[in-house]
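A short worksheet on the structure shown next.
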Amino acid sequence: MTLTASESPAPPLPAPPPPRRGAARRAWRTVSPYAYLAPFFTLFAAFGLFPLIYTAFVSLYRVELQTPGDMEWRGLGNYTALLGDEYFWLSLRNTFTIGVLSTVPQLVMALGLAHLLNYRMRGRTFLRTAVLLPYATSVAAATLVFAQLFGRDFGLINYALGLVGIDPVDWQNGTVASQIAVSTVVIWRWTGYNALIYLAGMQSIPDELYEAAAMDGASRWRQFFHVTLPGLRPTILFTVIVSTIGATQLFGEPLLLEGSISGGISHQYQTLGLYMYEQGWGFFHLGRAAAIAWVMFLLIVVLVGLNALIARRRSRKEAGR
């Protein structure tokens, strides 16, 4: 019989130190949102905020394109010179006229097109994609094609008008005609884009509202006016604001319609964007061009503020009913 010595139990291992990742993880959770947003704000400061501030600085000086280093203090002289320039007021009026001629039909057509695309029909995916093709087309290519269509002697539009006994229209030299031609290009390019925005807004309206309206005997037209339009009010406000900004900055379409920075022989369709380009790169007055840019910026702020104020007052009236 053999005896074995009992083995003594091993001493317990020391507990591992608590992980030090907790503090670092909490710090990263705090900092990470700013780290993700930093690239956007960096690019915005470099390419958005700095040019805006520098343009305001340049607008207070007399600066010529040939000698950009020679700056002469003018204060508000560039702005007062604009108020006395008849072509500034003409371009402002043209911008407003073309904006109304392009924005109102565009949004109305987009609303009706979205209403049709919202129905369940065959090929609606293809149709929804097709309405966006004009937006994907280059503004230069689209404007050059429409310039040929609106040609005075060999344009397809005048040919079609001649078939019904209407005399040819000088689309590029007439005041109203040229503005209609520019507005047509804008309508063609942006109607499908706004239609898809309206379509997305329509699909967010609950189906129960339409079912309740149908049970009450409402026709499709009454459903559209009493269910669809109230549900699309924020979307309509968004498109109105974006279209207003786009109309104020209109540049490519009037420039390429005839290829002139003056907007026609008598400046009949010169917008504020063309007027700014003419002053800065046609007459080499960079200080005055910077003042025009800031006038456009302030005009956009005022128009957007008016749109928001009107929409807010209307919503308050309807909420108080």
Side-chain angles (χ1 to χ4, degrees), residues 55 59 64-65 78-106 134 137-158 168-190 242-300 302-303:
T55 302
S59 68
E64 301 298 323
L65 184 62
N78 288 324
Y79 295 93
T80 55
L82 291 179
L83 298 179
D85 189 357
E86 61 175 338
Y87 291 115
F88 166 74
W89 295 105
L90 180 60
S91 62
L92 180 61
R93 186 183 65 188
N94 292 339
T95 301
F96 175 79
T97 305
I98 295 175
V100 173
L101 289 176
S102 60
T103 300
V104 175
Q106 172 194 152
T137 306
S138 169
V139 60
T143 307
L144 292 177
V145 170
F146 273 89
Q148 298 298 321
L149 293 176
F150 285 102
R152 183 185 62 181
D153 299 323
F154 305 102
L156 183 61
I157 304 298
N158 279 340
V169 179
D170 193 353
W171 294 102
Q172 295 182 348
N173 293 325
T175 300
V176 178
S178 59
Q179 293 180 0
I180 292 176
V182 174
S183 302
T184 303
V185 184
V186 179
I187 292 171
W188 181 81
R189 290 194 69 240
W190 290 95
V242 172
S243 299
T244 302
I245 295 174
T248 307
Q249 298 176 338
L250 195 62
F251 175 76
E253 290 84 351
L255 174 65
L256 297 172
L257 184 66
E258 191 182 4
S260 172
I261 61 176
S262 61
I265 298 176
S266 57
H267 300 256
Q268 67 268 15
Y269 60 91
Q270 185 181 49
T271 60
L272 284 175
L274 271 183
Y275 180 69
M276 178 185 66
Y277 187 85
E278 182 186 42
Q279 292 295 321
W281 282 263
F283 301 148
F284 311 127
H285 304 321
L286 293 184
R288 184 172 294 187
I292 298 170
W294 258 87
V295 170
M296 293 172 61
F297 172 74
L298 296 177
L299 180 62
I300 291 173
V302 171
L303 292 176

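Computed from a prediction, not measured in an experiment: that's the story for all the values here.
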Does one side chain, of Tyr87 or Glu278, offer a donor that lies under 3.5 Å from an acceptor on the other?
no
In Å and rounded to the nearest 0.5 Å, what is the CD1 to OG1 distance from Ile292 to Thr55?
12.0 Å
Between Tyr275 and Asn94, do the side chains contain an N or O donor and an N or O acceptor separated by less than 3.5 Å?
no
dist Asp85:CG -> Ser91:OG (nearest 0.5 Å) comes out at 8.0 Å
Do Ile300 and Gln249 have side chains that approach each other closer than 4.5 Å (heavy atoms only, starting at C-beta)?
yes
More than 12 foreign heavy atoms under 6.0 Å from CG of Leu65: is that the case here?
yes
Of all heavy-atom pairs between Thr95 and Ala247, which one has the smallest distance, and what is that distance?
CG2-O, 3.6 Å
Within the supplied structure, the quantity of interest is the number of heavy atoms (other residues, nucleotides, ligands) at a distance under 6.0 Å from Phe96 CZ; does it exceed 12?
no
Kindly determine whether Leu272 and Leu299 satisfy side chain to side chain contact (heavy atoms under 4.5 Å, CB included), including the steps that lead there.
CA-CA 11 Å; Leu272 284 175; Leu299 180 62; 3.9 Å; yes
Straight-line distance of Arg189 CZ to Thr184 OG1, nearest 0.5 Å:
14.0 Å
Gly99 versus Ser102, closest heavy-atom pair with distance
O-OG, 3.3 Å
Backbone N or O of Ala140 within a donor-acceptor pair of the Thr143 side chain at under 3.5 Å?
no
Polar side-chain atom of Thr271 near backbone of Leu250 as donor-acceptor pair, under 3.5 Å:
yes
Approximate separation, where rounding is to 0.5 Å, of Asp170 CG and Ser178 OG:
9.0 Å
Minimum side-chain heavy-atom gap Trp171-Ile180 below 4.5 Å:
yes
Please determine which of Leu144, Leu156, Asn158 meets the side-chain contact (heavy atoms from CB on, under 4.5 Å) test together with Leu149.
Leu156
Indicate the atoms forming the closest heavy-atom contact of Ala291 with Tyr79, along with that distance.
O-CE2, 3.7 Å
For the student: nearest non-hydrogen atoms of Ser266 and Leu90, plus distance:
O-CD2, 3.8 Å
Report the C-alpha distance between Trp89 and Leu92 in whole Å, list the side-chain angles of each, state the deciding distance to 0.1 Å, and finish with yes or no for side chain to side chain contact (heavy atoms under 4.5 Å, CB included).
CA-CA 5 Å; Trp89 295 105; Leu92 180 61; 3.9 Å; yes
My understanding is that only residues two or more places apart in sequence, or in another chain, count here; which of them pass ring pair (Phe, Tyr, Trp, His ring centres under 6.0 Å) with Phe284?
none
May I have the step-by-step check of side chain to side chain contact (heavy atoms under 4.5 Å, CB included) for Phe146 and Leu257, ending in yes or no?
CA-CA 8 Å; Phe146 273 89; Leu257 184 66; 5.5 Å; no
Distance, nearest 0.5 Å, that separates CG of Leu83 from CG of Asn78:
11.0 Å
Relative to the ring of Trp294, is the ring of Phe297 parallel (under 30°), tilted (30 to 60°) or perpendicular (over 60°)?
perpendicular
The side chain to side chain donor-acceptor pair (under 3.5 Å) partner of Tyr269 among Gln172, Gln179, Glu258 is Glu258
Mark yes or no for whether Gln268, through its side chain, and Val176, through its backbone, hold a donor-acceptor pair below 3.5 Å.
no
Shortest non-hydrogen separation from Val169 to Ala177 and the atoms involved
CG1-CB, 3.7 Å
Within-4.5 Å side-chain heavy-atom neighbours: Phe88 and Val295
yes
Please report the interatomic distance CD1(Ile261) to CE(Met276), rounded to the nearest 0.5 Å.
12.0 Å
Between Gln106 and Val186, is the side chain to side chain contact (heavy atoms under 4.5 Å, CB included) condition met? List the steps.
CA-CA 8 Å; Gln106 172 194 152; Val186 179; 4.0 Å; yes
